[in-house]
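What follows is a set of notes on a single structure, which appears directly below.
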Amino acid sequence: MAKLSVNVNKIATLRNSRGGPIPSVVDAARVCVEAGAPGITVHPRADARHINFDDVQALKHLLDPWKAVEFNIEGDPRPDLLNLVERVRPHQCTLVPVRPGEITSEAGWSPDTDEKELRDVIARLRGHGIRVSLFVDADEKAVQLAHRVGADRIELYTQPYVHAFATSTAPLSETLAPFVRAATVAVELGLGVNAGHDLDLENLPDFVQALPRLDEVSIGHALISYALYVGLRQAVLEYREAAGDII
Ligand SMILES: CC(=O)[C@@H](O)[C@H](O)COP(=O)(O)O
Ligand SMILES: NCC(=O)COP(=O)(O)O
């Protein structure tokens, strides 16, 4: 079983497409938590293509009274984002590498990333009581990096699993093996295990079932897209069930 954290980036994408206030990110997040979602995730990118800093502050205000709901802010460790995270004090900050011009996340932190910068950023955020997760590929060396730089958790970048799930003729166990191994190493090192990117109702159950530990899955694009057909409350209920959260 894994806790579902709903990424509401794409609500802001739709909102920004017309330049007005609707749909409301806060109203959408409220529907999610009222449907029992244990977490809300946002990724306020430098270009503010969807979630902006005002959204983050408004979500913090919404979620504060919901003591059982976690707020997760993702992003690259740029100064303005770190200052925002220090002001907002979310439960978790997920550090994600960002490549110029990317449409979406394309990979986790490389195992040969400069450790000092990451270690200093992580110590700064943890000093405020914020749990830090490091976004990594399913690579033992990247998991070991996360441990060396003092992260509390890893977040496994699941797009390679999703792609193989949809296209590969190899046994599913082969597709899952790197993720199982990476999660096993993480547990051995005392790290928590999160996962995310392109997960959906089809590929999620097998992934949740296979890993030795999975604390959280953050899901946005597929869930919000599905909600366009069935409604946001129903989408959250189905995704909670697919994540193994007993409804
Ligand atoms: C880290 C991750 O895989 C997702 O949070 C992704 O970065 C979402 O960003 P977009 O919603 O801009 O695609
Ligand atoms: N960390 C992954 C996330 O927050 C949502 O990714 P996606 O489901 O929008 O691909």
Side-chain angles (χ1 to χ4, degrees), residues 2-17 23 25 28-29 32 37-53 55-56 59 69-78 81 85 90-110 131-138 142 146 151 153-163 165-166 179 182 192-205 207-208 211 214-228 232 235-236 238-240 242-243:
K3 288 188 176 182
L4 171 68
S5 187
V6 181
N7 184 312
V8 294
N9 289 354
K10 298 302 163 23
I11 301 292
T13 298
L14 182 55
R15 178 198 63 198
N16 293 356
S17 69
V25 169
C32 293
I40 296 293
T41 290
V42 290
H43 186 163
R45 292 175 175 270
D47 62 10
R49 65 182 70 169
H50 37 57
I51 294 289
N52 60 47
F53 282 14
D55 292 322
V56 175
L59 286 169
V69 176
E70 288 206 346
F71 192 23
N72 175 41
I73 299 176
E74 298 179 331
D76 52 318
R78 61 187 200 271
L81 182 96
V85 170
H91 299 84
Q92 179 174 265
C93 178
T94 302
L95 297 175
V96 183
V98 170
R99 289 155 178 79
E102 69 177 25
I103 292 174
T104 187
S105 297
E106 299 169 346
W109 291 97
S110 164
R131 180 197 313 134
V132 178
S133 179
L134 201 68
F135 192 66
V136 297
D137 297 333
R153 294 189 183 177
I154 59 168
E155 176 174 341
L156 292 171
Y157 174 55
T158 50
Q159 195 281 338
Y161 159 71
V162 169
H163 178 72
F165 182 92
F179 296 88
V193 181
N194 296 347
H197 203 92
D198 280 342
L199 292 171
D200 65 24
L201 288 174
E202 301 303 316
N203 58 48
L204 181 57
F207 190 85
V208 172
L211 264 59
L214 188 55
D215 296 287
E216 174 187 291
V217 287
S218 44
I219 305 176
H221 192 86
L223 189 155
I224 301 299
S225 300
Y226 183 58
L228 294 175
L232 187 51
V236 169
E238 291 185 39
Y239 269 82
R240 283 180 58 200

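Counting starts at 1 for both ligands and their atoms, following the listed order. Please read all numbers here as calculations on a predicted model, not as lab measurements.
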Between F165 and F207, does the side chain to side chain contact (heavy atoms under 4.5 Å, CB included) criterion hold? Intermediate values first, please.
CA-CA 10 Å; F165 182 92; F207 190 85; over 6 Å; no
H197 and T104: CA distance, side-chain angles, deciding distance, side chain to side chain contact (heavy atoms under 4.5 Å, CB included) verdict:
CA-CA 9 Å; H197 203 92; T104 187; 3.0 Å; yes
Please walk me through it: do I224 and L232 pass side chain to side chain contact (heavy atoms under 4.5 Å, CB included)?
CA-CA 7 Å; I224 301 299; L232 187 51; 4.1 Å; yes
Step-by-step side chain to side chain contact (heavy atoms under 4.5 Å, CB included) determination, N9 to V42
CA-CA 6 Å; N9 289 354; V42 290; 4.2 Å; yes
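N72 and T41 are linked by a side-chain donor-acceptor pair at a separation below 3.5 angstrom, with hydrogens and angles left out of the test.
Ranking protein heavy atoms by distance to atom 7 (O) of ligand 1, first place goes to S105 OG, 2.5 Å. In this structure, atom 8 (O) of ligand 2 lies nearest to the protein heavy atom G220 N, 2.8 Å. Closest protein heavy atom to atom 9 (O) of ligand 1: R45 NH2, 3.2 Å. Nearest protein heavy-atom neighbour of atom 4 (O) of ligand 2: N7 ND2, 2.8 Å. Here the protein heavy atom with the shortest distance to atom 13 (O) of ligand 1 is T104 OG1, 2.5 Å. Among all non-hydrogen protein atoms, the one lying nearest atom 3 (O) of ligand 1 is H197 ND1, 2.6 Å. The protein atom (non-hydrogen) at minimum distance from atom 6 (O) of ligand 2 is H197 CA, 3.8 Å.
Within ligand 1, counting atoms from 1 as listed, the ones closer than 4.0 Å to a heavy atom of F135 are 1 (C), 3 (O). For ligand 2 and D198, the ligand atoms under 4.0 Å from any heavy atom of the residue are 7 (P), 8 (O), 10 (O). Close approach to T41 involves these atoms of ligand 2, each under 4.0 Å from a residue heavy atom: 4 (O). The contact set between ligand 2 and E74, taken as ligand atoms under 4.0 Å from a residue heavy atom, comprises 1 (N), 2 (C), 3 (C), 4 (O). Taking a cut-off of under 4.0 Å to the non-hydrogen atoms of I219, the atoms of ligand 2 that pass are 8 (O). The ligand atoms of ligand 2 that sit less than 4.0 angstrom from a heavy atom of E155 are 1 (N), 2 (C). Residue N9 approaches ligand 1 through these ligand atoms, each under 4.0 Å from one of its heavy atoms: 8 (C), 9 (O), 10 (P), 11 (O). Each of the atoms 7 (P), 8 (O), 9 (O) of ligand 2 lies under 4.0 Å from some heavy atom of H221. Residue E74 has at least one heavy-atom neighbour below 4.0 Å for each of these atoms of ligand 1: 1 (C), 4 (C), 5 (O).
Side chains of E74 and S105 form no contact here, defined as non-hydrogen atoms less than 4.5 Å apart.
Remark: side-chain polar atoms of Y226 are not paired, donor with acceptor, to backbone N or O of E238 under 3.5 angstrom. D198 places no side-chain N or O within donor-acceptor distance of the main-chain N or O of Q159, the cut-off being under 3.5 Å. Although no hydrogens or angles enter the test, the distance criterion places no donor-acceptor pair under 3.5 Å between the side chain of W109 and the main chain of A146.
Tested against N194 for a side chain to side chain donor-acceptor pair (under 3.5 Å), the candidates R153, K3, E155 yield a single pass: R153.
Nearest-heavy-atom check against atom 5 (C) of ligand 2 across G196, S133, S105, S218 picks out S218.
Under 4.0 angstrom from ligand 1, the non-hydrogen atoms of H50 all belong to its side chain. At a 4.0 Å heavy-atom cut-off, ligand 2 does not touch H43 at all. Contacts of Q159 with ligand 1, taken as heavy-atom pairs under 4.0 Å, are absent altogether. Contacts between N7 and ligand 1 below 4.0 angstrom, taking non-hydrogen atoms only, involve the side chain exclusively.
Any N or O atom pair closer than 3.5 Å counts here, and F135 shares no such pair with ligand 2. Considering backbone and side-chain N/O of K10, none are found under 3.5 Å from N/O of ligand 2.
Salt bridge R131/E70: present, at least one basic N to carboxylate O contact under 4.0 Å. Using a cutoff of 4.0 Å between basic side-chain nitrogens and carboxylate oxygens, R49 and D47 are scored as salt-bridged.
Put simply, OG1 on T94 and CG on D76 are 12.5 Å apart, with the number rounded to the nearest 0.5 Å.
Ring-plane geometry between Y161 and F179 is classed as perpendicular, the angle between the planes exceeding 60 degrees on a 0 to 90 degree scale with a lower cut at 30.
Put simply, part of K10 is less than 4.0 Å from ligand 1, judged by heavy atoms.
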